[in-house]
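In this chain, residues are counted from 1 in sequence order. Note that these values count all heavy atoms, side chains included, but never hydrogens, waters or copies made by symmetry. In this text, all values refer to a predicted model and were calculated from it rather than measured experimentally.
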Amino acid sequence: MLFKPDLNETAKADRERGAPVARRGRRTVVTAIVLLVVGGLGYLGWKSVEEKQAANRARPNQAVPVLAATPHIKDVPVYLDGVGAVRALNNVLVRPQVDGKLISINFVEGQDVKKGDVLGEIDPVIYKAQLDQAVAKKAQDEALLANQRLDLVRYQQLAAANAGSKQQYDTQRAVIAQQEALVEADQAAIDNARATLGYTRIIAPISGRTGLRQVDQGNIVHASDATGVAVITQLQPIAVLFSLPQQQIVRVNAASAKGALTVDVFGNDGTTVVDTGKLAGIDNQVDPTTGTLKLKAEFPNDKLQLWPGQFVNVRLRIETLSQAMVVPTSAVQRGPTGTFSYIIGENDTVTAKPVTVTQQSETEAVIADGLSTSDRVVTTGFASLSNGAKVSVGKDEPPPVADIAPHRRNRGGRGGRDSSEGGRGREARETREGQPSKDWQSERGEHRGRRGERHQGDGDPKGQAGLVQGSEPPVSTAKPQP
């Protein structure tokens, strides 16, 4: 007997085998739909960007706002910048030349003194006594010399009459010569004693300004003291030592051979020239540790703007470019092939033109070739500028001036409060000054009451509080308890 499968079971098995195939088909369809949606969105985005770029390309060229300047001709000085330090031409430490007690000081710290002024005095008693002793010794020797000369005359007469020996005469001449030498030594001792006495007066060796005093009156000073009495520094004129790179040696030597070179010193702001002087000297060797050359300049320092030890910025003028073409520094641009400038031509279109720059500073550039005085060069607005672009030349207006003080601001809703408080302040002042006025406290309560009434309708509890504060206190009818 053969087994015949049930038809229902066969159909069920077929459906189970076909289910995975159906699921895979639905998954494929969903994936395809998602890809189509993403692709469509990407296409729409790409199309939008292309349309914007096309619109930009199709848009007519708009004028780029710029500022322009015209080259001009003038004499341009050529400077070499350096950094230096101010040094005094003469700086003297005044020391006593003899030992003794300092009995007086005749200067004030920071005082300007002249050469030969007496700065202080040392007790001269001992040194005056030594001078007197030397003078007395000379007088004694001179008297002895005079007597010896008389004896020489007698010996000469005796020798002529053969009454005395010639040897005695010659011996007397030698004694006189010794006595004359002794008198000269006495004179030298007098000069020495007089000079030593003069050293008791401490004299200013140069003109300048004194520093802080190193000793006080009454102290014993010595010639061997290291501190001295004071330091005198010459401030007018004054010197500045500065350095330049060794690459500039040839230019500096060539310029100095033609004449004296001008040197300017800047102030603390770095832009103001405080003094102008002349180049005084050039060092004979380059510093091997820094590769710089030292130079020295002298300045009159009439206004005492320069002080010893001060660091300053210096510029040395080595030559002047006569009738040079100058443009603003901002007009010179740098590209792959060198420097160039945008020139505004006909119909306000710009053209990039190469230029040759001789020298350039923060504000001006000297053009050797590439421009003429009839050209107009662009100075600002390079961000959106290209060769052949159309420009709109504007005016160089000054920047807006900021307010020195802020303006009074209106506080809106608080204006009434401020004004009321201001009114109360005025009324209080009027009351203090004796003028008739209402009681400002009662008016304050009325004001608060009105404010409470305004807010009462809105359910503001502060309004009630204001009403209670502004109104008169209720009269209590309760009887006091015993």
Side-chain angles (χ1 to χ4, degrees), residues 85-145 178-241 296 298-311:
V86 182
R87 294 288 185 270
L89 286 179
N90 295 293
N91 193 31
V92 179
L93 174 61
V94 181
R95 297 180 179 178
Q97 294 179 273
V98 294
D99 301 343
K101 181 181 179 181
L102 189 63
I103 60 175
S104 67
I105 294 179
N106 304 330
F107 70 94
V108 181
E109 296 174 336
Q111 175 185 350
D112 291 329
V113 296
K114 300 293 184 180
K115 181 179 180 180
D117 290 348
V118 180
L119 303 180
E121 293 184 9
I122 299 174
D123 190 0
V125 175
I126 298 177
Y127 302 101
K128 189 175 185 306
Q130 292 177 358
L131 176 60
D132 295 340
Q133 184 179 1
V135 172
K137 181 66 169 57
K138 179 183 178 183
Q140 179 183 0
D141 293 337
E142 285 180 345
L144 183 59
L145 176 62
Q178 293 178 2
Q179 193 65 26
E180 289 177 348
L182 184 58
V183 171
E184 292 179 359
D186 293 338
Q187 182 60 42
I190 292 174
D191 295 339
N192 183 31
R194 184 175 287 112
T196 304
L197 180 61
Y199 291 154
T200 58
R201 303 169 71 242
I202 303 175
I203 306 299
I206 62 172
S207 298
R209 177 164 296 188
T210 60
L212 300 179
R213 191 174 67 246
Q214 305 296 327
V215 294
D216 298 325
Q217 181 177 342
N219 289 341
I220 302 299
V221 294
H222 305 277
S224 59
D225 291 341
T227 56
V229 177
V231 177
I232 299 179
T233 302
Q234 183 178 357
L235 300 179
Q236 295 174 336
I238 204 166
V240 173
L241 297 178
K296 181 179 180 181
E298 291 186 8
F299 298 86
N301 199 23
D302 295 331
K303 299 181 180 180
L304 297 178
Q305 296 290 326
L306 303 178
W307 212 253
Q310 178 183 0
F311 290 95

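To the nearest 0.5 Å, atoms CG (Leu306) and CZ (Arg87) are separated by 12.5 Å. Here CD of Gln130 is found 9.5 Å from CG of Leu197. Values are rounded to the nearest 0.5 Å. Atom CD1 of residue Ile232 and atom NZ of residue Lys115 lie 11.5 Å apart, to the nearest 0.5 angstrom.
Residues Leu182 and Gln140 form no side-chain contact, since every pair of their non-hydrogen atoms from C-beta on lies 4.5 Å or further apart. Side-chain contact between Glu121 and Thr200 is absent, with no heavy-atom pair separated by less than 4.5 Å. The shortest distance between side-chain heavy atoms of Ile190 and Gln187 falls below 4.5 Å. Between Gln214 and Val229, the closest side-chain pair of non-hydrogen atoms is not below 4.5 Å. Side-chain contact check for Val221 versus Ile202: every heavy-atom pair is 4.5 Å or farther apart. Contact check for Asp117 versus Ser207: no side-chain heavy atoms found under the 4.5 Å cut-off. A 4.5 Å side-chain heavy-atom check between Leu89 and Lys296 finds at least one atom pair inside the cut-off.
Of all heavy-atom pairs between Ile238 and Gln234, the closest is CG1-O, 4.4 Å. In this structure, Gln179 and Asp141 approach most closely via the heavy-atom pair NE2-O, 3.0 Å.
Under a 3.5 Å cut-off, the side chain of Gln236 and the backbone N or O of Asn301 do form a donor-acceptor pair.
A 6.0 Å sphere centred on CD of Gln133 holds no more than 12 heavy atoms belonging to other residues, nucleotides or ligands. More than 12 heavy atoms of other residues, nucleotides or ligands lie within 6.0 Å of CG in Leu145, so this atom counts as buried by the packing criterion.
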- Could you give me the CA-CA distance, side-chain angles and deciding distance for Asp112 and Arg209, then say whether side chain to side chain contact (heavy atoms under 4.5 Å, CB included) is met? CA-CA 4 Å; Asp112 291 329; Arg209 177 164 296 188; 2.8 Å; yes

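Electrostatic pairing of Arg194 and Asp191 counts as a salt bridge here, judged by a charged N lying under 4.0 Å from a carboxylate O.
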For residues 91-109, please give each side-chain donor-acceptor pair under 3.5 Å, one per line with the distance, not counting sequence neighbours.
unit_1: Asn91; atom_1: OD1; unit_2: Thr233; atom_2: OG1; d: 2.8
unit_1: Asp99; atom_1: OD1; unit_2: Ala223; atom_2: N; d: 2.8
unit_1: Glu109; atom_1: OE2; unit_2: Arg213; atom_2: N; d: 3.0

